[in-house]
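See structure below.
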Amino acid sequence: MKTANTQKVFKAFAEKTTKMAKSILRSKGKNASGNLEDSIGYNLKVYPSGALELQFKAAEYATFVDKGVSGTKRKFNTDYEYTTKQPPSNVIDKWVVRKGIKAGRDDKGRFIKRKSLVFAIARSIKLYGIEPTNFFTRAFNFAYKKLPVDVARAYAQDYVKFLRTVTGKI
């Protein structure tokens, strides 16, 4: 059975979800390099039987940005938490450079090296965590509300077309 209408519905759902997720990510200011936004997408696979498989994809760290990570001092409603390790300094260093954050001076007027600034930021993330953005969760849930009705209609149209084809051959 051909599922052209159902495919269109799933494709529209996936495009709406990814577009909204990218928009929320930008509005929350969580897109320093643009890599996370660029990585958001989907794969829609159509099997010969007519079955459909939809998978969303994103960079590995997207889950942490979406769901958040609890720190050792501040907790969020998430499955992820820092317990013993803190974020890698090399990743934080690249982020500091992209954001243009300059190392300043401490309370005594001494210059703070970038390496010390990076360590302080990484330590702060370990202590206070990463606040959830729900950029993908919100986009998915919003687009999903309408999906069951749309899929039912599209599948019905595909099935009617299938029945006409089959009964016409008898």
Side-chain angles (χ1 to χ4, degrees), residues 1-71 74-82 85 87-88 90-101 121 125 128-170:
M1 181 170 104
K2 301 225 185 264
T3 56
N5 293 310
T6 310
Q7 287 176 42
K8 286 179 190 175
V9 168
F10 274 98
K11 184 177 180 187
F13 165 72
E15 287 177 357
K16 184 175 187 175
T17 301
T18 54
K19 183 178 178 181
M20 184 179 278
K22 291 176 181 185
S23 175
I24 293 169
L25 191 64
R26 279 190 304 270
S27 71
K28 296 214 176 234
K30 298 289 182 178
N31 198 27
S33 69
N35 291 340
L36 181 55
E37 181 180 347
D38 292 342
S39 74
I40 298 171
Y42 67 92
N43 291 322
L44 179 60
K45 187 172 182 180
V46 182
Y47 292 94
S49 66
L52 303 170
E53 180 181 330
L54 175 62
Q55 292 180 328
F56 289 98
K57 60 182 182 173
E60 286 184 42
Y61 62 94
T63 302
F64 303 121
V65 176
D66 184 50
K67 301 288 185 192
V69 182
S70 291
R74 186 171 69 173
K75 304 293 182 193
F76 298 107
N77 185 18
T78 181
D79 294 337
Y80 307 105
E81 67 179 314
Y82 289 107
K85 293 184 177 183
N90 63 335
V91 173
I92 303 296
D93 188 43
K94 290 176 186 176
W95 178 81
V96 164
V97 170
R98 271 194 304 271
K99 285 287 197 176
I101 300 172
I121 291 172
I125 292 171
Y128 300 104
I130 300 169
E131 188 173 356
T133 60
N134 294 313
F135 75 94
F136 185 79
T137 303
R138 284 178 49 209
F140 181 88
N141 290 339
F142 181 81
Y144 184 79
K145 286 178 186 175
K146 202 177 161 201
L147 184 64
V149 173
D150 290 346
V151 168
R153 285 187 184 135
Y155 189 77
Q157 291 171 348
D158 290 336
Y159 191 68
V160 166
K161 191 174 182 180
F162 170 73
L163 285 177
R164 286 185 183 142
T165 305
V166 170
T167 56
K169 291 181 180 178
I170 296 177

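Below, each value reflects all heavy atoms present in this structure, side chains not excepted, and no hydrogens, waters or symmetry copies. Numbers for residues simply follow the sequence, beginning at 1.
Residues Ala139 and Ala21 share a closest heavy-atom pair of CB-N, 3.5 Å. When all heavy atoms of Gln7 and Leu52 are compared, the closest pair comes out as CG-CD2, 3.5 Å. Heavy atoms only, all atoms of each residue included: Ser39 and Ala59 are closest at OG-N, 2.8 Å. Residues Arg74 and Tyr128 share a closest heavy-atom pair of NE-O, 3.0 Å. Taking both residues in full, the closest heavy atoms of Ala58 and Ile40 are given as CB-CG1, 4.2 Å, listed atom of the first, atom of the second, then distance.
Using modelled atom types, no side-chain atom of Thr18 and backbone atom of Gly41 make a donor-acceptor pair closer than 3.5 Å.
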For residues 9-17, dump all side-chain donor-acceptor pairs below 3.5 Å to protein atoms at least two apart in sequence or in another chain.
| residue | atom | partner | partner atom | Å |
| --- | --- | --- | --- | --- |
| Glu15 | OE2 | Tyr42 | OH | 3.0 |
| Thr17 | OG1 | Phe13 | O | 2.8 |

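Heavy-atom contacts from other residues, nucleotides or ligands closer than 6.0 Å to CZ of Arg98 number more than 12.
For Tyr80, the ring pair (Phe, Tyr, Trp, His ring centres under 6.0 Å) partners are Phe64, not counting sequence neighbours. With sequence neighbours excluded, the residues forming a side-chain contact (heavy atoms from CB on, under 4.5 Å) with Tyr82 are Val69, Pro87, Ile125, Lys126, Ile130, listed by chain and number.
To the nearest 0.5 Å, the span separating CG on Asn31 from CZ on Phe135 amounts to 9.0 Å. One distance of note links CG of Asn35 with NZ of Lys94; it measures 10.0 Å at 0.5 Å rounding. To the nearest 0.5 angstrom, Asp150 atom CG is 11.5 Å from Asn5 atom CG. One finds the OH atom of Tyr159 at 14.5 Å from the OG1 atom of Thr3 (value rounded to the nearest 0.5 Å). The OG1 atom of Thr6 sits 10.5 Å away from the NZ atom of Lys8 when rounded to the nearest 0.5 Å. With rounding to the nearest 0.5 Å, the separation of CD in Glu131 from OG1 in Thr78 is 12.0 Å.
In this structure the side chain of Arg138 never reaches within 4.5 angstrom of the side chain of Met20, judged on heavy atoms.
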- Task: Assess whether side-chain contact (heavy atoms from CB on, under 4.5 Å) is satisfied between Glu53 and Asn43, documenting all intermediate values.
- Result: CA-CA 8 Å; Glu53 180 181 330; Asn43 291 322; over 6 Å; no

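Each of Arg26, Lys28, Lys30, Lys19 was compared with Glu37 under the salt bridge (charged side-chain N to carboxylate O under 4.0 Å, His left out) criterion, and only Arg26 meets it. For the pairing with Asp66, the side chain to side chain contact (heavy atoms under 4.5 Å, CB included) check across Asn134, Leu25, Ile24 returns one residue only, Asn134.
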